[in-house]
Amino acid sequence: MKNKSGQCNNCQLKSSSVRTLNPAETERLEKNCTEVHFKKNDIIFKQNAFSSNIIYLNNGLVKIHIEGPQNEQIIKVVKAPSYLGIPTTFNEKINHYSATALEQTSVCFIDIDVFKDFIYKNGQFAYELITELCKNELNSFHRCVNRTQKHIHGRIADALLFFKNTFEHNEFILPFTRLEFGNFVDTSRESVSRILTEFKNDGIINLNGKKVEILNEKLLETISNKG
DNA sequence: GCATTAACCACAG
DNA sequence: CTGTGGTTAATGC
């Protein structure tokens, strides 16, 4: 789906970096940007494929994942609005990871050369971009610590709280199968099943298939903190 | 030693 | 795809 001209300018979902562009630059962005819609489980880009665009997630939810020696590893789940795949598109010829839609999702593909030009010529644009990248790196540091040091109960509690925050609701549909959940928190699908039913039996959550309702957030937080 | 944790396997909805 | 039960290996007390 091609962008109509004027769309970037009026876009409500502009990134903080794109907000710093002047009208001429915004117009240039519009001419070098295409919006694409994806359905659940559609692959937005794939590990090992050539990367040629900056990708911005306007709407929806996406998983970032790497095919490891054993399993698919889900690195993180990204909620719109956010850039996808800056690290893999910037100085790398190929994608180091894949991105897959977890729900109905829309994405803008932006020409890499135009994007780089904005960075060279517009310091504020670059600054905003760096700010986002820094946030991401810190996030991944924390996730790294959590993943390696917390026990399964803590990691699953973390994940439930994360979904509660991203959906901004105590009740939500898990966008994952049990296997994906396991790949997200570094455990087996069996352990995910067991611990979720444990949480249910202890009255911490309501559980019905993929539908989860958080009943005792305080307790989940202490489980998450204690590891 | 004994208990706990969590992975792996297998089987049934 | 899920849930459960049995088994097993590693680790802690």
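A note on names: the letters A, B, ... follow the listed sequences, proteins ahead of strands, and every chain is numbered from 1.
In the displayed structure, A:Lys46 atom NZ is contacted under 6.0 Å by at most 12 heavy atoms of other residues, nucleotides or ligands. More than 12 non-hydrogen atoms from other residues, nucleotides or ligands lie less than 6.0 angstrom from NE2 of A:His96. Heavy atoms from other residues, nucleotides or ligands lying under 6.0 Å from NZ of A:Lys116 number more than 12. For A:Lys40, the NZ atom counts as densely surrounded, since its 6.0 Å shell holds more than 12 non-hydrogen atoms of other residues, nucleotides or ligands.
When side chains are defined from C-beta on, A:Asn59 counts as touching A:Leu13, because their heavy atoms get closer than 4.5 Å.
Bracketed by its first and final contacts, the part of DNA chain C lying under 4.0 Å from non-hydrogen atoms of chain A reaches from C:dT2 to C:dG6 in 5' to 3' order.
For residues 190-205 of chain A, proximity to DNA chain B is found at A:Glu190, A:Ser191, A:Arg194, defined as any non-hydrogen atom under 4.0 angstrom from a strand atom.
Atom CD1 in A:Ile156 sits about 13 Å away from atom C1' in B:dA7, given to the nearest Å. Atom pair A:Asp186:CG and B:dC8:P shows a separation of 12 Å (rounding to whole Å applied). Distance, A:Phe181 CZ to B:dA7 P: 13 Å, rounded to whole Å.
Between A:Thr20 and A:Tyr127, the side chains place no donor N or O within less than 3.5 Å of an acceptor N or O (distance only, hydrogens not considered).
Test A:Ile156, A:Val212, A:Leu215, A:Asn216 against A:Phe199 for side-chain contact (heavy atoms from CB on, under 4.5 Å) and you get one pass: A:Ile156.
Aromatic ring centres of A:Tyr56 and A:Phe115 lie farther apart than the 6.0 Å criterion allows.
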